[in-house]
Amino acid sequence: MTNQNVVVSDAKSGIGVTITVAVSNSTLFSATVPKPPGPTAGGSYISISRKKLLKKMESSVGAPRISASWVDSMRASSPTRSLSEPDHDKIKKLLDCTSLLHHPSALGMFEQIISASKGKQIVMFLDYDGTLSPIVEDPDRAFMTHEMREAVRDVAKYFPTAIVTGRCRAKVYSFVRLSQLYYAGSHGMDIKGPANDSKYRKGNQAVLFQPAREFLPMIDEVYKALLEKTKSTPGAKVENNKFCVSVHFRCVDEKSWSALAEQVRSVINDYPKLRLTQGRKVLEIRPTIKWDKGKALEFLLESLGYANSDEVFPVYIGDDRTDEDAFKVMYFLQRLVEWKQSLLEGF
Ligand SMILES: O=P(O)(O)OC[C@H]1O[C@H](O[C@H]2O[C@H](CO)[C@@H](O)[C@H](O)[C@H]2O)[C@H](O)[C@@H](O)[C@@H]1O
């Protein structure tokens, strides 16, 4: 994990603790705050109408674009580990200037976190790549250590725990291999709960939600087109994540990055219902529906009966840009609970 940040409000603030572990170049909380989650009828998955959820994510169709500075930002998104001494100094100076340093490390605030969570149900959300597993060159070999698996197993003994990842759900399950967890694959577009989660949820139907099902044939088509288009670029790798596709730049010579991005763009141009997002040396192609890791977090909290609740203490640990969608929702929930409490205190 890199550059842990924690934003902790005081213990009175109910839901209001957002623990984030973010990359140093992240733009936490700077974008627009999402709309409040809609009112819910109850605590379990079956009480959430699929129609209502689908309505919430009306598609925002638009041509996918790669910004002019994307190469720089991709380079910065996952700096190489073997830096020279002067490079280290430069990076340290840069970090010293960023506001992120003013957010204390979550690891140094354990007592405050414990105290803020008192009386609340902790729910754990964990990103996979770069958080539970080290970043490696071959995405098929991003294994988590035995120690990490045991740590996650222990956490899940006490709290509902979800893996929230850009990966295909089946793939991440093959890495994690813990059946008691919730898994939100494909950036939350493929959510499945454990077969027996009656400890935390009412109802006996397991959570299963796939809001982008209609995109499956399109994603498959694009995956094949990308494989064909990029095969001439040494080191390029295309990964089918079921409801989204990743094009990996990590093993491609930087001089060829623009050309590779152009190849991706030329394929995606024919699909206005798909959009591009960027991760650590990866471009991700996904449906334009308004669904992301943040929505997955909201969905899971709602499934567990904690929609808009101040009895829950969600903890999200992630390291990539796409995790910021979840950080924004956490931040918003925090503000919502503070607002509710200020109203109550006013009476
Ligand atoms: O949401 P995440 O679990 O963080 O998934 C995001 C992407 O992770 C994987 O790629 C990243 O990790 C690879 C293995 O360490 C690394 O080679 C790559 O450069 C990273 O971007 C995964 O392979 C992608 O499909 C995910 O989109």
Side-chain angles (χ1 to χ4, degrees), residues 1-3 20-23 25-26 70-71 73-81 124-145 148-149 152 161-176 178 181-191 212 219 222-223 226-227 230 233 235-254 257 260-261 264 274-287 291-297 300 316-327 329:
M1 284 185 273
T2 50
N3 301 318
T20 66
V21 179
V23 286
N25 64 337
S26 70
W70 77 272
V71 174
S73 91
M74 178 155 326
R75 197 178 290 125
S77 73
S78 205
T80 55
R81 279 169 195 220
M124 290 295 298
F125 296 92
L126 304 167
D127 164 54
Y128 186 75
D129 287 279
T131 299
L132 297 182
S133 70
I135 291 292
V136 293
E137 288 198 343
D138 181 358
D140 290 336
R141 302 193 58 79
F143 305 118
M144 67 196 283
T145 61
M148 183 63 88
R149 182 172 300 101
V152 176
T161 301
I163 306 292
V164 186
T165 175
R167 294 260 190 183
C168 160
R169 176 164 56 80
K171 180 83 186 182
V172 84
Y173 184 80
S174 76
F175 285 145
V176 179
L178 294 172
L181 308 186
Y182 294 81
Y183 288 87
S186 308
H187 292 290
M189 288 179 283
D190 189 7
I191 303 180
I219 292 288
V222 164
Y223 168 65
L226 285 167
L227 273 184
T230 61
T233 305
K237 186 176 169 76
V238 186
E239 188 183 3
N240 189 339
N241 285 330
K242 191 162 181 174
F243 294 100
C244 47
V245 180
S246 291
V247 179
H248 291 277
F249 285 62
R250 186 167 296 276
C251 296
V252 175
D253 185 339
E254 265 188 49
W257 280 10
L260 178 57
V264 174
L274 298 181
R275 66 184 169 116
L276 279 173
T277 53
Q278 190 187 318
R280 301 178 81 169
K281 295 191 178 163
V282 69
L283 281 180
E284 292 162 316
I285 294 97
R286 41 170 149 166
W291 197 265
D292 53 32
K293 289 182 171 187
K295 292 282 180 194
L297 182 142
L300 282 166
Y316 188 105
I317 306 179
D319 75 321
D320 209 344
R321 285 184 169 212
T322 57
D323 297 309
E324 291 173 16
D325 294 323
F327 299 155
V329 167

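Note that ligands are numbered from 1 as they come in the structure, with each ligand's atoms numbered from 1 the same way. All values reported here derive from a predicted model rather than from experimental measurement.
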Please identify which atoms of ligand 1 are closer than 4.0 Å to at least one heavy atom of P139.
14 (C), 23 (O)
Sorted by chain and number, sequence neighbours left out, side-chain contact (heavy atoms from CB on, under 4.5 Å) with F175 holds for Y128, F143, R167, K171
Would the distance check show the side chain of T145 and the main-chain N or O of M148 forming a donor-acceptor pair, the cut-off being under 3.5 Å?
yes
Drop me the distance from I191's CD1 to Y182's OH, to the nearest 0.5 angstrom.
11.5 Å
Do the rings of F327 and Y316 sit parallel, tilted or perpendicular, given the 30° and 60° boundaries?
perpendicular
Heavy-atom pairs closer than 4.0 Å: do any link ligand 1 to the side chain of D129, the backbone, both, or neither?
both
Counting only heavy atoms closer than 4.0 Å, does ligand 1 sit against the backbone of V172, its side chain, both, or neither?
neither
Run the numbers on L178 and T161 for side-chain contact (heavy atoms from CB on, under 4.5 Å), then give the verdict.
CA-CA 10 Å; L178 294 172; T161 301; over 6 Å; no
Which of the numbered atoms in ligand 1 are below 4.0 angstrom from a heavy atom of K293?
1 (O), 2 (P)
Between ligand 1 and V136, is the shortest N or O to N or O distance under 3.5 Å?
yes
T165 contact mode with ligand 1 (heavy-atom cut-off under 4.0 Å)
both
Indicate, as side chain, backbone, both or neither, the part of C244 found under 4.0 angstrom from ligand 1 when only non-hydrogen atoms are considered.
neither
Are any of the side-chain nitrogens in D320 or K293 under 4.0 Å away from the carboxylate oxygens of its partner?
no
With a cut-off of 4.0 Å, which atoms of ligand 1 are near a heavy atom of V282?
21 (O)
Suppose I only count heavy atoms of R250 and a 4.0 Å limit; which atoms of ligand 1 are within that range?
16 (C), 17 (O), 18 (C), 19 (O)
Provide the number and element of each atom of ligand 1 under 4.0 Å from a heavy atom of E137.
17 (O)
Run the side-chain contact (heavy atoms from CB on, under 4.5 Å) test on K281 and I135 for me, step by step, so that the C-alpha distance in whole Å, both residues' side-chain angles and the decisive distance to 0.1 Å come before the verdict.
CA-CA 11 Å; K281 295 191 178 163; I135 291 292; over 6 Å; no
Quick one: does any side-chain atom of D292 pair with a main-chain N or O of K295 as donor and acceptor, under 3.5 Å?
yes
Counting each atom of ligand 1 from 1 as listed, which ones have a heavy atom of P134 under 4.0 Å away?
15 (O)
Atoms of ligand 1 close to E239 [distance to a heavy atom under 4.0 angstrom, numbered from 1]:
22 (C), 23 (O), 24 (C), 25 (O)
Can you list the atoms of ligand 1 that are under 4.0 Å from a heavy atom of Y128?
3 (O)
Does H248 reach ligand 1 with a nitrogen or oxygen that is under 3.5 Å from one of the ligand's nitrogen or oxygen atoms?
yes
Verify, without hydrogens or angle tests, whether S186 (side chain) and N241 (backbone) share a donor-acceptor contact under 3.5 angstrom.
yes
Side-chain H-bond candidate by donor/acceptor type, T277 with R286, under 3.5 Å
yes
Out of H187, R167, E284, R280, indicate the one that has the non-hydrogen atom closest to atom 7 (C) of ligand 1.
E284
